[in-house]
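Start at 1 and go down the list; that is how both ligands and their atoms are numbered.
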Amino acid sequence: MQSNEIRVFCPATIANVSCGFDVLGLALDAVGDEMVVKKTVEKGIKITKLTGQNLPMETLQNVAGVAGLALLAESDYDGGFEIEIYKKIKAGSGIGSSAASSTGAVWAMNELIGKPFTPLQLVKFAMEGERLASGVAHADNVAPAIFGGFTLVRSYTPLDVVKINTPPELYATVIHPQIEVKTSDSRRILKTTISLEDGIKQWGNVGGLIAGLFTEDYELIGRSLEDHIVEPIRSILIPGFDKVKEKALETGALGCGISGSGPSIYALSKGEAIANNVAKAMTDVYDKIGIDYDIHVSKINAKGIKII
Ligand code: ADP
């Protein structure tokens, strides 16, 4: 018998992964929100509880509500849902706070009504939540939350998401300096054109990263974690970025860059021990500068959202 209520873990995600602006993303294991979703006879969506962050509870102003309504609009189900959101991911951190809520809502609803929708359809619904959060319906956070592991958004029109292999020894270190960078601001400062020269470097790295992930070639992954287009511009908004990156690489990280639109900075390492050393190196930089931070070390989450 189908249950009427489930509790899910909604992972934090790292979008862009240096070379893959708006197309690459990965899901984390150690950081995420929880949500409880219940079926109701009453139609529509109500957010009945929201703890951990000060965010709007009105259905149309919360990404969980907007993504959920996108699902309901396409569904035969004639009831509604109540949602409780327990935020652990800080909004605006750059590790997919909004994506965790929009994906958690639609994934749980789909489970409760007998899974009529494919993961790709769930990504489409969740993208409506991203449109509310940042003004752009990007999929690079919501795709890994739903599919798990690394994902590539090969195309937006039509939407085509490819799940990429996750090498087992890959760990992420993420530091979130406590400064505010709005996704909308960090998009506005980007140029809308790139040079052919930069394009060549960038698609070389995207191809190299994908090949490295599939063949579990950690050196190739490291060489490919470069961003010649977005990082040089966005890193200006993140105090200490260059130093954090330098120290992470010196400590043995395979690569280091901006997580999503920042201000979080991520590094990937081979093995948990190096990832922990990288965490220490990153925190030392912010301790010296005098900026507070949250720090996370996490295995890559190959499964994505799950029932808990
Ligand atoms: P992140 O990069 O961590 O996802 P964003 O800045 O993209 O952060 O998204 C946060 C924005 O989305 C904020 O303006 C916030 O008010 C809005 N928002 C609406 N509902 C939610 C929610 N359930 N969780 C997180 N953010 C939400």
Side-chain angles (χ1 to χ4, degrees), residues 8-17 21-22 24-28 31-37 45-71 81-109 123 125-146 172 174-190 230 234 237-238 257-266 293-294 296 298 305:
V8 292
F9 170 76
C10 321
T13 45
I14 295 175
N16 302 338
V17 201
F21 180 66
D22 271 3
L24 286 175
L26 65 87
L28 296 172
V31 205
D33 295 342
E34 289 183 16
M35 290 171 94
V36 175
V37 181
I45 291 175
K46 241 193 213 145
I47 295 163
T48 53
K49 199 168 174 187
L50 201 164
T51 68
Q53 288 284 287
N54 186 14
L55 291 166
M57 286 177 72
E58 296 81 17
T59 305
L60 288 175
Q61 283 174 48
N62 193 296
V63 298
V66 169
L69 288 175
L71 177 146
F81 296 98
E82 278 180 10
I83 303 177
E84 296 172 10
I85 308 176
Y86 300 91
K87 295 295 295 180
K88 303 238 170 73
I89 312 169
K90 290 182 181 157
S93 53
I95 53 170
S97 170
S98 49
S101 292
S102 27
T103 55
V106 297
W107 191 91
M109 288 173 193
V123 168
F125 302 142
M127 283 166 72
E128 292 308 315
E130 294 295 73
R131 194 193 303 281
L132 173 72
S134 69
V136 181
H138 61 104
D140 48 348
N141 287 104
V142 297
I146 287 173
V174 184
I175 191 157
H176 174 208
Q178 308 292 295
I179 52 161
E180 203 193 336
V181 177
K182 282 212 155 41
T183 304
S184 46
D185 290 344
S186 59
R187 268 186 187 269
R188 213 175 15 246
I189 63 166
L190 296 179
V230 177
R234 278 194 173 164
L237 299 177
I238 308 172
I258 302 170
S259 175
S261 55
S264 287
I265 304 171
Y266 85 97
Y293 51 80
D294 292 327
H296 311 284
S298 173
I305 299 171

Quiz item: Would you call Lys88 and Asp294 a salt bridge, taking side-chain N to carboxylate O under 4.0 Å as the test?
Solution: no
Quiz item: Is there a protein heavy atom at a distance of less than 4.0 Å from atom 14 (O) of ligand 1?
Solution: no
Quiz item: Where does Ala133 meet ligand 1, judged by heavy-atom distances below 4.0 Å: at the side chain, the backbone, both, or neither?
Solution: both
Quiz prompt | Sub-3.5 Å N/O-N/O distance, Ser261 and ligand 1 | solution = no
Quiz prompt | Least distance between heavy atoms, Gly96 atom then Ile89 atom | solution = O-CD1, 4.3 Å
Quiz item: Taking N or O atoms only and a 3.5 Å limit, does Ala99 qualify as a polar contact for ligand 1?
Solution: no
Exercise. State the atoms of ligand 1, each with its element, that fall below the 4.0 Å cut-off from a heavy-atom position in Gly94.
Key: 2 (O), 3 (O)
Quiz item: Does any N or O atom in Ser97 lie less than 3.5 angstrom from one in ligand 1, N or O only?
Solution: yes
Quiz item: Are any side-chain N or O atoms of Ser134 and backbone N or O atoms of Arg131, one a donor and one an acceptor, separated by less than 3.5 Å?
Solution: no
Quiz item: Among Val63, Leu132, Leu50, which one has a heavy atom closest to atom 21 (C) of ligand 1?
Solution: Val63
Exercise. Determine the minimum heavy-atom distance between Ala91 and Gln53, stating which atoms define it.
Key: N-OE1, 2.9 Å
Exercise. Give the numbers and elements of all ligand 1 atoms closer than 4.0 Å to a heavy atom of Ser93.
Key: 3 (O)
Quiz item: Checking side chain to side chain donor-acceptor pair (under 3.5 Å) for the pair Ser98/Glu130: CA distance, chi angles, key distance, verdict?
Solution: CA-CA 7 Å; Ser98 49; Glu130 294 295 73; 2.9 Å; yes
Self-check item: Contact summary for Ser101 and Ala64, nearest pair of heavy atoms
Solution: O-CB, 3.7 Å
Quiz item: Nearest to atom 27 (C) of ligand 1, what protein heavy atom do you find, and at what distance?
Solution: Leu55 CD2, 3.8 Å
Quiz prompt | Flag: protein heavy atom within less than 4.0 Å of atom 19 (C) of ligand 1 | solution = yes
Quiz item: Is there a donor-acceptor pair under 3.5 Å between the side chain of Ser264 and the backbone N or O of Ser93?
Solution: yes
Quiz prompt | Any Gly96 heavy atom less than 4.0 Å from ligand 1 | solution = yes
Quiz item: Closest heavy-atom contact between Leu69 and Ile45?
Solution: N-CD1, 3.4 Å
Quiz item: If every non-hydrogen atom of Ile305 is compared with every non-hydrogen atom of Gly104, which pair is closest and at what distance?
Solution: CD1-N, 3.8 Å
Quiz prompt | Atoms of ligand 1, numbered as shown, that sit under 4.0 Å from any heavy atom of Lys87 | solution = 24 (N), 25 (C)
Quiz item: Taking N or O atoms only and a 3.5 Å limit, does Gly92 qualify as a polar contact for ligand 1?
Solution: yes
Practice problem: Return yes when Gln53 approaches ligand 1 closer than 4.0 angstrom through a heavy atom, no otherwise. | Solution: no
